[in-house]
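Presented below is the structure to which this report refers.
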Amino acid sequence: MKVAIVHNKEPKTLAVTERLKNLLAQANIKIDDQQPELVISVGGDGTLLAAFHQFSHALNDVRFLGVHTGHLGFYTDWRDYELEELVDSLKTNREQSVSYPLLDVRISYLDDKPDQHFFALNESTIKRSNRTMVADVYIKNELFESFRGDGLALSTPTGSTAYNKSVGGAVIHPSINAFQLAEIASLNNRVFRTLGAPMVIAQDEWVEIRLENTADYLVTIDQLDVSKNNIRAIYYRIAEERIHFASYRHMHFWHRVKDAFIGEV
């Protein structure tokens, strides 16, 4: 097995990473940052998101695994004090994995600039810096609504527990191959009307957000900022590709949700 390690720069994380490297060497597991079979993130959910984007070009060839050096995260099944057990599991259960849906994001421009393409593991948002955002929302090429408000959030099922939840979106189990569109502080009055509720979009449908021609849009794809001029439209759909997590000891989704938001009852 060839393993790549992605980590943050926190002192505790650096110490855990060094210990993990020593344990992998003792187990004759090769570290390969170019063509790994398994990508291990050490840190938190943000570190795993960074690892995902670093290796998003090789989603069919790699699996991901997270080691948390703080409190338990949604994408991190192992704790920093379980490294010996983790390395032992790598030697015995090499083929097990579970996959989650991803969001396919394509940004189209007014000028001759080529489209930009991204994958999102959690979410993508569209906002304006300091003004009301105006956009037409199309579903499968048909106009659904004209939106006015602070912005829009589009999330995967696993990302539904992140920003989407904070703006009133539903939590969706990752076995459902769909994505969610949630409004951020929409304007609803006698002049401007939107649905005013989150929408779950099926895997065979797509959403197009057509934007006004202005230069101050703020677009995010997970933790990446894409602030560009001359954006014509942004297209969203469920990606054909999926992210694969090594399921040596994969935590049940609803257990993650309970642990993160409710705790012990």
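FYI, side chains are in, hydrogens and waters are out, and symmetry mates aren't considered; it's all heavy atoms of this structure.
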| Mind checking whether L211 and R232 have side chains closer than 4.5 Å, heavy atoms only? | no
| field | Exercise: do T13 and T69 side chains pair donor with acceptor under 3.5 Å | value | yes
| Side-chain donor or acceptor of E82 paired with backbone N/O of R79 under 3.5 Å | yes
| task | Answer yes or no: is there a side-chain heavy-atom contact under 4.5 Å between E37 and D61? | result | no
| Crowded around R193 CZ? As in, over 12 foreign heavy atoms under 6.0 Å? | yes
| field | Donor-acceptor contact below 3.5 Å, side chain N230 vs main chain L110 | value | no
| Under 3.5 Å, is there a donor-acceptor pair between the side chain of T220 and the main chain of T125? | yes
| message | To the closest 0.5 Å, what do you measure between CG (L86) and CG (L23)? | response | 9.0 Å
| request: Flag yes if V67 and I5 sit in one hydrophobic cluster, no otherwise; membership is Ile, Leu, Val, Met, Phe, Trp, Tyr, and two members link when side-chain heavy atoms are under 4.5 Å apart. | output: yes
| query | Going hydrophobic residue to hydrophobic residue with side-chain gaps under 4.5 angstrom, can you get from M133 over to V137? | reply | yes
| query | From F119 CZ over to I221 CD1, what is the distance, rounded to the nearest 0.5 angstrom? | reply | 12.0 Å
| said: A quick test of your reading: do over 12 heavy atoms of other residues, nucleotides or ligands sit less than 6.0 Å from CD of E241? | reply: yes
| field | Residue pair L59 / F52, side-chain heavy-atom distance below 4.5 Å | value | yes
| query | Does F245 have its ring centroid less than 6.0 Å away from the ring centroid of Y75? | reply | yes
| Y235 side chain reached by I107 side chain, heavy atoms, under 4.5 Å | no
| request: May I ask you to decide whether K127 forms a salt bridge with D150, counting only side-chain N to carboxylate O separations under 4.0 Å? | output: no
| In one Ile/Leu/Val/Met/Phe/Trp/Tyr side-chain cluster, 4.5 Å: Y138, W206 | no
| said: Test your reading of the model: is there a side-chain donor-acceptor pair from D225 to the backbone of L218, 3.5 Å cut-off? | reply: no
| Does S99 offer a backbone N or O that forms a donor-acceptor pair with the side chain of R242 under 3.5 Å? | yes
| query | If you draw the axis of the six-membered ring of F261, does the NZ or CZ of K165 fall within 45° of it and under 6.0 Å from the ring centre? | reply | yes
| query | Is the distance between the ring centroids of F55 and H53 less than 6.0 Å? | reply | no
| field | Connected via hydrophobic side-chain network under 4.5 Å: L83 and L38 | value | yes
| said: Looking at Q116 and S108, would you say the former's side chain and the latter's main chain have a donor-acceptor pair under 3.5 Å? | reply: no
| Would you say Q180's side chain and M199's backbone share a donor-acceptor pair under 3.5 angstrom? | no
| said: With a 4.5 Å cut-off on side-chain heavy atoms, are L103 and E123 touching? | reply: no
| E85 versus W78: any side-chain heavy-atom pair under 4.5 Å? | yes
| Does a salt bridge link D77 with R256, judged by any charged N lying under 4.0 Å from a carboxylate O? | yes
| message | For the backbone of V191 and the side chain of N189, can you confirm whether one donor and one acceptor N or O come within less than 3.5 Å of each other? | response | yes
| query | Less than 4.0 Å between a side-chain N and a carboxylate O, is that true for R237 and D104? | reply | no
| query | Between E208 and E142, is any pair of side-chain heavy atoms under 4.5 Å apart? | reply | no
| query | Do S124 and Y236 have a side chain donor and acceptor closer than 3.5 Å? | reply | yes
| said: Take a 6.0 Å sphere around NZ of K113 and say whether it holds more than 12 heavy atoms from other residues, nucleotides or ligands. | reply: yes
| request: Please name the pair of heavy atoms, one in G168 and one in P198, separated by the smallest distance, quoted to 0.1 Å. | output: O-CG, 3.6 Å
| Validation row: R106, I234 side chains within 4.5 angstrom (heavy atoms) | no
| message | So does N122 get a backbone contact from the side chain of T156, meaning a donor-acceptor N/O pair under 3.5 Å? | response | yes
| With a 4.0 Å cut-off, would you call E183 and R148 a salt bridge? | no
| query | For the hydrophobic clusters of this structure (ILVMFWY residues joined by side-chain heavy atoms under 4.5 Å, transitively), does one cluster hold both L20 and I29? | reply | yes
| message | Quiz question: by atom type and distance under 3.5 Å, do the side chains of T47 and S41 form a donor-acceptor pair? | response | no
| task | For S186 and G196, indicate whether the former's side chain and the latter's backbone hold a donor-acceptor pair under 3.5 Å. | result | no
